[in-house]
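What follows is a short report on a single structure.
Order of listing sets the numbers, starting from 1, for every ligand and every atom in it. We count residues from 1, following the sequence as given.
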Amino acid sequence: MDQRLYPTCDKCGNRVCFPLIGAEEKPPIEEAPPFCPMKLHADVLERALSEYDKEDIREFARLASIQEAECYEQTPYGLRTKIPRVEETIQFAQKNGYRRLGIAFCVGLANEARTLSLILERKGFEVVSVCCKVGAIPKERIGLKPEEKIMGPQMYESMCSPITQAEILNEERVDLAILLGLCVGHDTLFIKYCRVPMTVIGVKDRVFGHNPLAALYLSTSYYSRLRTRAKE
Ligand code: SF4
C-alpha cells in the first residue's frame with residue numbers, strides 16, 4: 001500500500017474548492033485537508049491553469065461553462081434543472097459552430113444510434129456514424145481462443161474495432177465525436193485514438209439500461225457484493 005499522501009477528493013469533508021461564499025470573498029484554501037490536490041500539487045494547478053490562457057482553449061472552456069449554467073434555471077422554488085444531455089450536447093455543438101458530428105456506437109445500441117442521428121440531423125447537423133463491428137474482423141485476429149467468444153467456438157464473431165471507429169471519425173474530420181455505448185476497454189481505446197474533440201452520450205451497462213450508477217445506488221442492498229473486500 002502506498003503510504004505517500006495522494007489526492008483523495010472523494011474523502012473530503014471540507015470542500016473548500018466549492019465554497020458557498022460571496023463573489024468578492026476568497027476560498028479558504030488553507031482549511032483544505034492534507035490530502036487536497038491544491039496542497040499536494042500546487043505546481044500542477046498552476047501549469048494546468050495556464051492552459052486556459054490559450055485563446056482556443058479558453059473559448060472552449062468558456063462556452064462549456066455557459067452551457068453548464070444554461071442547464072439550470074432559477075425559480076421561486078430554487079434551482080431547477082431543465083436540459084437533458086442530448087439537448088445539452090446539441091446546444092454545445094451549436095455554440096461551437098459545429099456542423100459535422102460523428103457517432104461511434106456499439107452494435108448493441110444501433111437503435112439508439114439511429115434515433116440520436118435522426119435528432120441531430122433534424123437540428124441541422126451532418127452526422128457520420130460508425131458501428132463498433134466495422135471491418136468484420138474475426139476476434140481470433142487479436143488472439144481470442146474460439147472458446148473465449150460470446151457465441152461459442154462454432155460461430156464467426158466480429159471483434160469490436162474502436163481504433164478503426166476513431167480513425168474513421170478522424171479521417172472524416174468531424175467537428176465532434178460522440179461516444180455511444182462502447183464497452184469498458186473498447187471505449188478506452190477509442191478515447192486513446194480519437195484526435196477530434198469528443199464527448200460521451202451514453203456508456204454501456206448491460207444490466208441497468210446503460211445507467212451504471214444504478215449499481216452504486218443499489219450497492220447497499222441488492223448489489224452489496226460490490227462492497228465486499230477483494231481478497232489480498
Ligand atoms: S480539491 Fe481539496 S477541498 Fe476540494 S474536494 Fe478535493 S480535497 Fe477537498
TODO: Sort by chain and number the protein N/O/S atoms that are closer than 2.8 Å to atom 8 (Fe) of ligand 1, and list them.
DONE: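 Under 2.8 Å from atom 8 (Fe) of ligand 1 - ignoring waters, which are not counted - the protein N, O or S atoms are C12 SG.
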[X], [atom1]: over 12 other non-hydrogen atoms inside 6.0 angstrom:
X    : atom1 : answer
F208 : CZ    : yes
E147 : CD    : yes
K123 : NZ    : no

TODO: Of all the heavy-atom pairs spanning N170 and V196, show the shortest one and how long it is.
DONE: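 Scanning both residues, the minimum pair turns out to be OD1-N, 3.6 Å.
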Task: Whether D175 side chain and R99 backbone form a donor-acceptor pair below 3.5 Å - done: yes
TODO: Could you verify whether a donor N or O on one side chain and an acceptor N or O on the other, from R85 and T199, lie under 3.5 Å apart?
DONE: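 There is such a pair between these side chains.
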